[in-house]
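Scroll down for the structure; my scribbles are underneath it.
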2 protein chains.
Amino acid sequence: MRADARRNYERLVVAAREVFAQEGGGASMEAIARRAGVGVGTLYRHFPNRIDLVEAVYRTDVDNLVHTAEQVSADLEPWPAAVAFLEAFVRYAQGKRTFLNELREAFDKNPDLRVDMMDRIRQAMELVVGRAQRAGVMRTDVDGSDLMQLVGPMCTNATLSVDQSKRLLDTILDGLHKEP
Amino acid sequence: MRADARRNYERLVVAAREVFAQEGGGASMEAIARRAGVGVGTLYRHFPNRIDLVEAVYRTDVDNLVHTAEQVSADLEPWPAAVAFLEAFVRYAQGKRTFLNELREAFDKNPDLRVDMMDRIRQAMELVVGRAQRAGVMRTDVDGSDLMQLVGPMCTNATLSVDQSKRLLDTILDGLHKEP
DNA sequence: TGCTAAACGGAAGGACCCTCCGTATAATAA
DNA sequence: TTATTATACGGAGGGTCCTTCCGTTTAGCA
């Protein structure tokens, strides 16, 4: 892959995320190409159709979330790491709302995508949760999958405000926390 | 409303339901107008935009479901009536899947639609459920809302087969049934 | 039967997805 | 450094779709 091709690929994914966030999942391919500073031809060479672009944006969202899990595990104490990761997870899940319909199409077209991404997230969740549990600062009768099922759908709900999600996450965190 | 206008309105709703079922929620307005035997101009006079047509189709689906509740309550014994209604409810909920994305848009645009329709369905459900419970043929520790929450999301799930839904409904019915 | 408000049909405007191909450029070798 | 070429770029344009507009038709009524 040539240097300019790689640069444009990355620009396009960044631009797509921004435009989706700003204009919703129905944003036009022209708008995304314009924001990335390339022509639509370039966009379509990298992403043969709209749904492939959605998939790429989603994959990098998951990459970032997994990376956050590794980062907080390395940098922070077990409990603060868990808090930071769950906050990142809420942001991730809420971010999906801007292009939720398109994401559903992507899942329909390629069912493995859903399975693979859920699995990666579950592993990231368990990295953080397991560490907190072994350190004795988190109750041990829930696991990563449970937390995904609890927090994920809550955030995907279109009628949930940012404030609400903060308060609900605080409540959940209080319920999870345990003095060592 | 002139006679031809009313006739075309009804034809359009019927045609839309058929075309959505056949081609999915993304079906074109031209295809729907053609199926109804009218021009697109006529379609747009009755339904100023796509989402209004989706809403109309959905409203008649709910009308039919409510009507079924009244019908079975009048015609059948309490338990057979409950079985018949729950089967109709499953068909209704599965029917939504063909234009689920569009329906979500309609709910976003007009939140009252969701609330109103849920309420009508809940009432219909409770008409049938309450009667069966008073007749002593249905356990009394669940109500109409519970059954909606139990059965509805199950049917909306895209990965559920018709066979599965039949078996699951049978299971639920067995759990609900009580000898008088 | 004649009148008119209401309804009809479909051409056309505008937006969008995607393709195609002539042009430009990064990478490489002389 | 320069020439070569595979690779990538840009954007006009084809095709489809939603929606608007307006000339034509018709139902309902006096």
Side-chain angles (χ1 to χ4, degrees), chain A residues 1-58 98-106 108-110, chain B residues 1-58 98-106 108-110:
Chain A
M1 203 170 185
R2 242 167 62 173
D4 52 349
R6 169 159 298 279
R7 194 170 52 240
N8 281 332
Y9 180 98
E10 284 161 8
R11 275 187 190 165
L12 280 164
V13 174
V14 170
R17 197 197 329 278
E18 290 170 354
V19 174
F20 285 148
Q22 193 171 326
E23 302 180 23
S28 78
M29 299 297 261
E30 272 83 0
I32 293 167
R34 213 178 310 127
R35 176 130 190 168
V38 304
V40 281
T42 301
L43 200 175
Y44 276 93
R45 194 161 331 90
H46 287 297
F47 306 99
N49 55 53
R50 188 183 176 71
I51 225 63
D52 294 327
L53 180 56
V54 170
E55 178 171 329
V57 170
Y58 179 56
T98 61
F99 56 111
L100 199 56
N101 280 351
E102 287 69 23
L103 199 54
R104 285 208 180 86
E105 273 181 61
D108 286 348
K109 185 187 162 195
N110 175 12
Chain B
M1 205 169 183
R2 242 166 64 173
D4 53 347
R6 168 159 299 279
R7 193 170 54 242
N8 281 332
Y9 180 98
E10 283 160 9
R11 275 186 190 167
L12 280 164
V13 174
V14 170
R17 199 198 327 280
E18 290 169 356
V19 174
F20 284 149
Q22 196 172 323
E23 303 180 21
S28 78
M29 300 296 261
E30 272 85 358
I32 293 167
R34 212 179 311 129
R35 176 129 191 168
V38 304
V40 282
T42 301
L43 200 173
Y44 275 91
R45 193 160 334 87
H46 288 297
F47 307 99
N49 55 53
R50 189 184 174 70
I51 223 63
D52 294 327
L53 180 57
V54 170
E55 179 171 328
V57 170
Y58 179 55
T98 61
F99 57 111
L100 198 56
N101 281 350
E102 288 70 24
L103 199 54
R104 286 209 179 86
E105 271 180 62
D108 285 348
K109 184 188 162 195
N110 175 12

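The side-chain contact (heavy atoms from CB on, under 4.5 Å) test applied to B/E10 returns B/R6, not counting sequence neighbours. A search for side-chain contact (heavy atoms from CB on, under 4.5 Å) contacts involving B/E105 returns B/I51, not counting sequence neighbours. Partners of A/E18 under the salt bridge (Lys or Arg N to Asp or Glu O under 4.0 Å) rule, at least two apart in sequence or in another chain, are A/R35. Considering only residues two or more places apart in sequence or on other chains, B/Y44 meets the ring-ring contact (aromatic ring centres under 6.0 Å, His included) condition with none of them. Take A/A16 and apply the side-chain contact (heavy atoms from CB on, under 4.5 Å) test, not counting sequence neighbours, and it matches A/F20, A/I32, A/L53, A/V57. Scanning for salt bridge (Lys or Arg N to Asp or Glu O under 4.0 Å) contacts around A/D52 gives A/K109, with sequence neighbours left out. With sequence neighbours left out, B/D4 forms a salt bridge (Lys or Arg N to Asp or Glu O under 4.0 Å) with B/R2. Qualifying side-chain contact (heavy atoms from CB on, under 4.5 Å) partners for A/A36, counting only residues two or more places apart in sequence or in other chains: A/R11, A/L12, A/A15, A/V38. With sequence neighbours excluded, the residues forming a salt bridge (Lys or Arg N to Asp or Glu O under 4.0 Å) with B/R17 are B/D61, listed by chain and number.
For the segment residues 19-39 of chain B, the set of residues with a heavy atom within less than 4.0 Å of an atom of DNA chain D comprises B/A27, B/S28, B/M29, B/E30, in numerical order.
The interatomic distance linking A/H46 (NE2) with D/dT7 (P) rounds to 14 Å, in whole Å.
Along DNA chain C, read 5' to 3', the first and last nucleotides having any atom under 4.0 Å from a heavy atom of chain B are C/dA5 to C/dA11.
Residues A/F47 and A/Y9 place their aromatic rings such that the two centres sit under 6.0 Å apart.
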>> Please encode protein proximity along nucleotides 20-30 of chain D as a string of B, S and -, counting only heavy-atom distances under 4.0 Å.
In response: B-----BSS--
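Contact check, A/T42 against D/dG10: a side-chain N or O comes under 4.0 Å of OP1 or OP2.
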